[in-house]
Amino acid sequence: MHRLSLAKPSSGVDRAATAAVDYRVELLTARRAASYPVAAPEGLPAGWKATSVRFQGDESDAWHLGFQAPGGQYVQIEQSTQKPSEFVDDASQGGEATKQTEEIAGRTWTRYTGGRYDALVHSGDGATTVVAGTGSFAQLTEMAKSLKMA
């Protein structure tokens with residue numbers, strides 16, 4: 001069991017004033033320690049700003065990467081080996097699965113709605129991956145398309 005916990009939470013409530021975080025070191029550490037391929041975006045267009053990063057190896061290899069999307073909305077990537085139903089409920093803050101799925105970058109994602117965050121959920125590769133937030137489904141899809149798993 002890994003006993004690693006790295007965190008750089010965003011500060012403040014005003015997202016416009018939130019400082020960007022460099023998540024490269026935490027990403028490399030998570031990719032070495034996690035039991036699954038850890039997801040991170042590559043090639044996002046200008047306007048996306050990383051605001052929080054966290055890997056908790058002692059809590060189901062939980063990976064979190066938060067972004068301020070263009071227009072100020074919030075989008076996060078969450079991954080974990082935790083029981084999927086509990087993990088998705090936490091990551092979407094109460095979202096429920098719809099019958100709508102999308103093929104994005106070679107993976108099947110299920111839409112979740114009704115929680116605090118809308119979400120796209122993919123299960124596979126040894127973990128559950130959730131792209132969720134206050135952003136539109138177009139923004140969630142843009143993030144999901146950019147994810148590289150390593």
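Quick note: residue numbers are just sequence positions, from 1.
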For Ser52 and Tyr74: C-alpha separation, side-chain torsions, deciding distance, then whether side chain to side chain contact (heavy atoms under 4.5 Å, CB included) applies.
CA-CA 11 Å; Ser52 58; Tyr74 179 71; 4.0 Å; yes
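- In this structure, the side chain of Ser80 engages the main chain of Ser60 through a donor-acceptor pair within 3.5 Å.
- The distance from the OG1 atom of Thr101 to the NZ atom of Lys99 is 12.5 Å, given to the nearest 0.5 Å.
- A donor-acceptor pair is defined here as one N or O able to donate and one able to accept, closer than 3.5 Å; no such pair exists between the side chain of Gln79 and the backbone of Ala127.
- The two residues Ala119 and Val130 come nearest to each other via the heavy atoms CB-CG1, 4.0 Å.
- Taking each heavy atom of Phe87 and Gln82 in turn, the nearest pair found is CD1-OE1, 3.7 Å.
- Under the 4.5 Å side-chain heavy-atom criterion for ILVMFWY residues, a single connected hydrophobic cluster contains both Val131 and Leu27.
- Counting only distance, with no hydrogens or angles, the side chain of His64 and the backbone of Val53 share no donor-acceptor pair below 3.5 Å.
- Nearest heavy-atom pair across Leu65 and Ala40 is CD2-CB, 4.4 Å.
- The distance from the OG1 atom of Thr129 to the CD atom of Glu78 is 10.5 Å, given to the nearest 0.5 Å.
- What you find for Val38 and Ala30 is that their closest heavy atoms are CG2-O, 3.7 Å.
- Following chains of ILVMFWY side-chain contacts shorter than 4.5 Å, one can reach Ile77 starting from Val75, so the two form part of one hydrophobic cluster.
- Interatomic distance, CZ of Arg31 versus OH of Tyr36, reported as 11.0 Å (0.5 Å rounding).
- Other residues, nucleotides and ligands contribute over 12 non-hydrogen atoms within 6.0 Å of the CD atom of Gln93.
- Nearest heavy-atom pair across Thr81 and Gly126 is CG2-O, 3.4 Å.
- Ring orientation note: the planes of Phe55 and Trp63 are tilted relative to one another, at an angle of 30° to 60°.
- Side chain of Tyr117 to backbone of Gln76: no donor-acceptor contact under 3.5 angstrom is found.
- Among residues at least two apart or in separate chains, salt bridge (Lys or Arg N to Asp or Glu O under 4.0 Å) pairs with a member in residues 118-138 are Arg107-Asp125.
- Thr134 places no side-chain N or O within donor-acceptor distance of the main-chain N or O of Gln73, the cut-off being under 3.5 Å.
- To the nearest 0.5 angstrom, Thr29 atom OG1 is 14.0 Å from Tyr23 atom OH.
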Hey, can you pull the donor-acceptor pairs under 3.5 Å for the side chains in residues 138-150, sequence neighbours left out?
{"from": "Gln139", "atom 1": "OE1", "to": "Ser136", "atom 2": "N", "distance (Å)": "3.1"}
{"from": "Gln139", "atom 1": "NE2", "to": "Pro70", "atom 2": "O", "distance (Å)": "2.9"}
{"from": "Thr141", "atom 1": "OG1", "to": "Phe137", "atom 2": "O", "distance (Å)": "2.8"}
{"from": "Ser146", "atom 1": "OG", "to": "Met143", "atom 2": "O", "distance (Å)": "2.8"}

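- For the ring-ring contact (aromatic ring centres under 6.0 Å, His included) test, no residue two or more places apart in sequence or in another chain qualifies with Trp48.
- Phe67 and Pro41 make their closest contact through CZ-CG, 3.5 Å (heavy atoms, listed as atom of the first residue, atom of the second, distance).
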